[in-house]
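Each remark here refers to the structure printed beneath this line.
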Amino acid sequence: MSSRLTELVKRPNVGTNGTPIKVRASHFEVTQLPDKTIHHYDVMVTPDVPSAVNRRVYQNFLTLYKEDLRGASPVYDGKKNLFSYVDLGFERKTFEFTLPQAGGQPGGISNNFKIKIAKAATINLAELHNFLEGTNAVSNNVRTAIQALDVLIHHEPSMLYRAFGRSFFTPEGCKPLDGKLDVWRGWFTSVRPAPGRMMINVDITASAFYQPLPVIQMAIKILGFRTPSKYSEDMCAANKILSVEKSIRGLRVRLLHAPHREGTIKGLTATSAMNTKFSKDVIQPDGTVTTQETNVAAYFNETYSRTLLYATTRCLIVRRMALPLELCTIVEGQRYGKKLDEFQTAEMIKFTTLNPTARANEIKKGLQLLNYKDSKFLKEFGMKISNEMAVVDARILPAPAICYHRLSKKEATFVPNEGAWNLRDKRVLHGKTLKSWGVLVWATERDISKPQVNNFVRELIQTCSDTGMTISSDDPPVRYVSPHGNIEQYLREQYIVTGNQFGNPELLVCVLPTTGAPLYAEIKRITDTVLGVASQCLQMRHVKMPKKQYCANVCLKINLKLGGSNSCLREDEVPFITDIPTILIGADVSHPPPGDTSRPSIAAMVASMDKITSRYATSIRAQQSRMETIVYFKDMVTELLKKFYQSTKRKPERILFYRDGVSENQFAEVVRYEIAALRAACAHLQTGYAPKITFVIVQKRHHTRFFPMRPQDADRTGNCKPGMVVDTGITHPIEFDFYLQSHAGLLGTSRSTHYHVIHDENRFTANGLQELSNKLCYLYARCTRSVSMVPPAYYAHLVAARARMHSKGEVWDSEESRSSTESVTEASYAPLKSELQNGMFFCT
């Protein structure tokens with residue numbers, strides 16, 4: 001083990017700047033840690049079955065072999081790991097038994113199981129205690145000890161509730177997402193090391209589950225039919241059969257004619273219940289056995305006295321059997337693992353959006369449901385958990401001074417209040433001139449009249465003028481086109497018309513009838529990768545009744561796309577950036593939807609191109625699906641460093657890199673590969689070129705929430721005020737990390753961003769990096785609010801999502817398309833046109 005306390009960056013000090021306050025965190029202290037040695041065992045269960053079945057097998061095993069385990073109740077993770085507070089007395093042992101309920105259904109088919117248990121390690125918890133006190137480095141023994149505690153808190157809830165990963169779900173209080181799915185409330189739990197103590201992070205979560213419907217009803221709803229008769233008539237169409245089959249394949253069903261039996265849907269038969277034939281043995285009166293041909297409909301009528309109502313529809317294939325849809329029902333508690341559509345997502349957001357008080361109450365309710373206080377397993381291990389949320393020290397960092405153009409009528413330089421401001425009487429820092437542009441309305445004049453469009457154009461021109469931009473052509477060509485027609489042809493034609501009228505087109509404004517993704521995505525693909533022109537999409541409802549604030553926000557986006565700058569921080573606010581040439585780089589990787597293994601992942605990088613970090617250039621690559629490490633890291637950084645030099649005529653002497661989307665178990669891989677690639681990119685440009693690098697992981701997908709304790713420390717939504725930072729109490733015992741909530745709450749409970757420094761040659765203090773990160777969040781150029789994470793990481797996220805639209809093979813509308821297995825390769829993603837690579841085309 002290294003003599004260093006961490007292979008990453010040790011916390012340099014604790015931050016002191018800002019107004020001190022107290023907040024509650026969604027962490028519960030482990031008031032008593034096990035002081036016994038924990039024994040780790042490897043487990044192998046055969047045959048191989050899902051974790052939920054493994055747990056049932058293990059429960060049965062515990063009942064049968066309690067004495068062989070010296071009376072202990074070891075905890076099990078449902079996969080390969082078993083932890084016991086006593087030595088089980090053997091190095092390796094195999095147990096065999098029969099489980100009559102392998103699928104969890106009473107009276108199921110018996111199954112023979114074999115469990116092999118082998119001693120893996122003995123965990124000395126003294127090393128964990130030393131790590132928490134900051135006197136011992138993290139080691140494999142410490143990691144395994146934390147894993148053991150994590151398995152301990154999850155073991156019993158996993159037996160009682162539907163468990164997925166570190167979350168548990170219950171149907172109590174569920175709400176329908178649509179006719180096929182329900183949303184269930186759940187609770188996330190995780191063991192977290194903190195300075196001098198262990199904490200249990202508890203938070204609410206939610207997930208979609210299939211409704212436990214008869215399969216025939218599910219099929220009717222998948223096809224959007226209202227009546228069963230309509231389903232029966234139309235089920236013969238091949239595309240409809242495929243739609244149903246893709247949606248239900250893999251679901252577990254219970255047989256209505258034999259409720260004790262379950263099975264998994266493999267697909268649909270090629271013929272209807274009337275025409276799906278098979279042979280069965282028939283015992284004749286004289287005792288002889290003959291073979292008789294029958295069909296599925298006749299068989300169920302004769303054997304179970306069930307006359308099928310849908311004998312003309314196809315059957316389910318379950319366990320090599322053909323079963324009528326109407327005689328099978330979907331087993332409750334099956335999670336929906338695909339991407340939700342827009343309506344489902346909106347309903348999910350409504351269900352999960354809770355104000356801070358309501359969320360805190362739900363978290364406490366979850367802790368009561370988990371019932372750690374009375375857990376026999378925790379008692380046997382000697383572990384106790386507080387029932388009260390941890391109270392931690394926090395600070396509210398001050399907002400920075402923001403600068404607009406000096407000719408602004410009012411307050412060219414000002415300090416925002418509560419993380420928001422407006423553009424009234426302000427002019428953008430560097431306003432661009434728009435000379436050549438056209439308008440495409442993807443609707444008819446009945447939907448939105450020509451006078452309404454012209455009125456919006458006038459309002460937009462006036463607003464741009466008020467905010468410091470110039471639109472020299474006040475009569476752009478306007479064309480109405482069908483959103484269902486040839487999108488590329490329409491865009492090409494308008495591009496040509498605009499060019500003929502004004503010269504080289506700079507912008508195409510598209511008025512869209514809805515917020516649907518398919519039309520938007522195709523417009524962006526064509527303008528980004530085919531025409532090489534900036535595009536601005538607008539919702540028709542806003543164009544019909546233009547408001548000044550909406551037009552002002554549109555102006556901000558247009559100015560960025562044309563290469564302008566909207567605002568900056570006062571120079572003395574960020575000396576780290578302004579004193580010597582410094583580049584900010586952000587990176588993220590976008591993955592395909594859940595369940596999709598054919599589409600590649602998209603790596604995106606952005607980098608600041610000026611001293612005031614108001615303009616950013618991009619670099620994009622498609623790479624192997626679900627690969628989190630950026631494969632072409634060196635090439636992408638090299639591109640951006642060259643662009644920085646072309647823009648500023650100087651090489652950056654410092655690099656501040658914000659990397660989004662990396663989980664804690666990937667930190668070592670990032671250090672090993674990406675930081676090495678960053679150095680290699682610098683050396684590739686010039687021998688000996690080695691700017692000082694600081695590399696920060698940015699994490700939004702965490703479950704830590706903060707709740708202000710006093711009304712005066714909260715904003716109007718009940719959330720912590722913007723600038724709230726926490727770097728003690730619940731952070732890492734040794735390493736340099738902090739939580740920063742830099743934005744003002746709008747809906748629900750605000751989520752802070754977790755920043756974790758994994759490499760630092762610039763020798764940041766806690767105050768230095770916290771304040772710099774907070775101030776940068778006021779430079780998000782698309783709006784007049786501070787945002788939840790630093791713009792380089794935010795922009796990289798936007799670019800990665802936008803680049804997902806750059807393939808003709810991408811699909812955005814239907815559930816059936818999302819589950820398609822059609823191959824979309826890295827090569828199918830068209831590159832961004834060179835005309836857009838140095839601008840902020842991604843600002844919607």
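Side-chain atoms are counted along with the backbone in the values below, which use heavy atoms only and exclude waters and symmetry mates.
In this structure, the side chains of Thr413 and Ile402 stay at 4.5 Å or more apart for every pair of heavy atoms. Under the 4.5 Å side-chain criterion, counting only non-hydrogen atoms from C-beta, Val151 is not in contact with Leu149. By the 4.5 Å heavy-atom criterion applied to side chains, Ile146 and Met198 are counted as neighbours. Glu7 is not listed as a side-chain neighbour of Val671, based on a closest heavy-atom distance of 4.5 Å or more.
A donor and an acceptor atom, one from each side chain of Thr765 and Asn767, are nowhere located under 3.5 Å apart. Of the N and O atoms on the side chains of Asn665 and Ser663, at least one donor lies less than 3.5 Å from an acceptor on the other residue. With no hydrogens or angles considered, a side-chain donor-acceptor pair links Tyr658 and Ser773 at under 3.5 Å. Counting only N and O atoms by type, the side chains of Arg395 and Gln770 include a donor and acceptor under 3.5 Å apart. Between the side chains of Ser786 and His743, no donor N or O sits under 3.5 Å from an acceptor N or O. In summary, the side chains of Asp588 and His797 do present a donor paired with an acceptor at a separation below 3.5 Å, with no hydrogens or angles considered. Between Ser26 and His703, the side chains place no donor N or O within less than 3.5 Å of an acceptor N or O (distance only, hydrogens not considered). Donor-acceptor pairing under 3.5 Å is lacking for the side chains of Thr784 and Asn422. A donor and an acceptor atom, one from each side chain of Arg626 and Ser601, are nowhere located under 3.5 Å apart. Using modelled atom types, one finds no donor on one side chain facing an acceptor on the other under 3.5 Å when comparing Tyr778 with Trp421.
When all heavy atoms of Val142 and Ala137 are compared, the closest pair comes out as CG2-O, 4.2 Å. Here the closest heavy-atom approach between residue Ala604 and residue Ala800 is recorded as CB-N, 3.5 Å. Of all heavy-atom pairs spanning Gly718 and Pro356, the tightest one is O-CG, 3.4 Å.
Atom-to-atom distance recorded for Gln32:CD and Ser386:OG is 13.0 Å, nearest 0.5 angstrom. Between Ile758 atom CD1 and Ile697 atom CD1 the span is 4.0 Å, to the nearest 0.5 Å. Considering CD of Gln741 and SG of Cys777, their distance stands at 11.0 Å, rounded to 0.5 Å. The structure places CZ of Arg24 at 6.5 Å from CD of Glu388, a figure rounded to the nearest 0.5 Å. In this structure, Leu177 CG and Tyr336 OH are separated by 10.0 Å, a value rounded to the nearest 0.5 Å.
Note: Tyr739 and Phe706 have perpendicular aromatic rings, judged against thresholds of 30 and 60 degrees for the angle between ring planes.
Taking the six-membered ring wherever Trp is involved, the centroid distance between the rings of Tyr795 and Tyr780 falls below 6.0 Å. Aromatic ring centres of His155 and Tyr76 lie farther apart than the 6.0 Å criterion allows.
Side-chain atoms of Glu133 do not come within 3.5 Å of backbone N or O of Pro195 as any donor-acceptor pair. Proximity of a side-chain donor or acceptor of Lys721 to a complementary backbone N or O of Gln712 within less than 3.5 Å is detected. Although no hydrogens or angles enter the test, the distance criterion places a donor-acceptor pair under 3.5 Å between the side chain of Lys36 and the main chain of Glu380. In this structure, the side chain of Arg705 does not engage the main chain of Ile204 through any donor-acceptor pair within 3.5 Å. A donor-acceptor pair is defined here as one N or O able to donate and one able to accept, closer than 3.5 Å; such a pair exists between the side chain of Gln699 and the backbone of Val662. A donor-acceptor pair is defined here as one N or O able to donate and one able to accept, closer than 3.5 Å; no such pair exists between the side chain of Lys10 and the backbone of Ile734. The closest donor-acceptor contact from the side chain of Arg55 to the backbone of Asp77 lies under 3.5 Å. A distance-only check finds no donor-acceptor pair linking the side chain of Thr170 to the backbone of Gly186 [under 3.5 Å].
The only member of Phe209, Phe169, Phe164, Tyr161 that meets ring-ring contact (aromatic ring centres under 6.0 Å, His included) when paired with Trp184 is Phe209.
Residue-environment remark: CG (Leu369) exceeds the threshold of 12 foreign heavy atoms within 6.0 Å. Around atom NZ of Lys547, no more than 12 heavy atoms belonging to other residues, nucleotides or ligands sit under 6.0 Å away.
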Take Phe576 and Phe764 through the ring pair (Phe, Tyr, Trp, His ring centres under 6.0 Å) test and state the conclusion after the steps.
CA-CA 10 Å; Phe576 176 83; Phe764 272 105; 4.7 Å; yes
Intermediate values then yes/no, side-chain contact (heavy atoms from CB on, under 4.5 Å), Leu378 and Lys384
CA-CA 7 Å; Leu378 266 69; Lys384 294 181 181 179; over 6 Å; no
Can you list the steps and then say if Phe168 with His154 is a ring pair (Phe, Tyr, Trp, His ring centres under 6.0 Å)?
CA-CA 9 Å; Phe168 313 100; His154 287 95; 5.4 Å; yes
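Between Arg659 and Glu674 there is a salt bridge, with a side-chain nitrogen of the basic residue lying less than 4.0 Å from a carboxylate oxygen of the acidic one. The existence of a salt bridge linking Arg185 and Glu362 is confirmed by a sub-4.0 Å separation between a basic side-chain nitrogen and an acidic carboxylate oxygen. Of the charged side-chain nitrogens involved, at least one lies within less than 4.0 Å of a carboxylate oxygen, so that Glu664 and Arg192 count as a salt-bridged pair. A salt bridge does not link Lys700 with Asp660: none of the charged nitrogens is closer than 4.0 Å to a carboxylate oxygen. Look at Lys22 and Asp713 and you find no salt bridge, because none of the NZ, NE, NH1 or NH2 atoms lies under 4.0 Å from a carboxylate O.
With Tyr372 as the aromatic partner, Lys379 does not meet the cation-pi criteria of under 6.0 angstrom to the ring centre and within 45 degrees of the ring axis.
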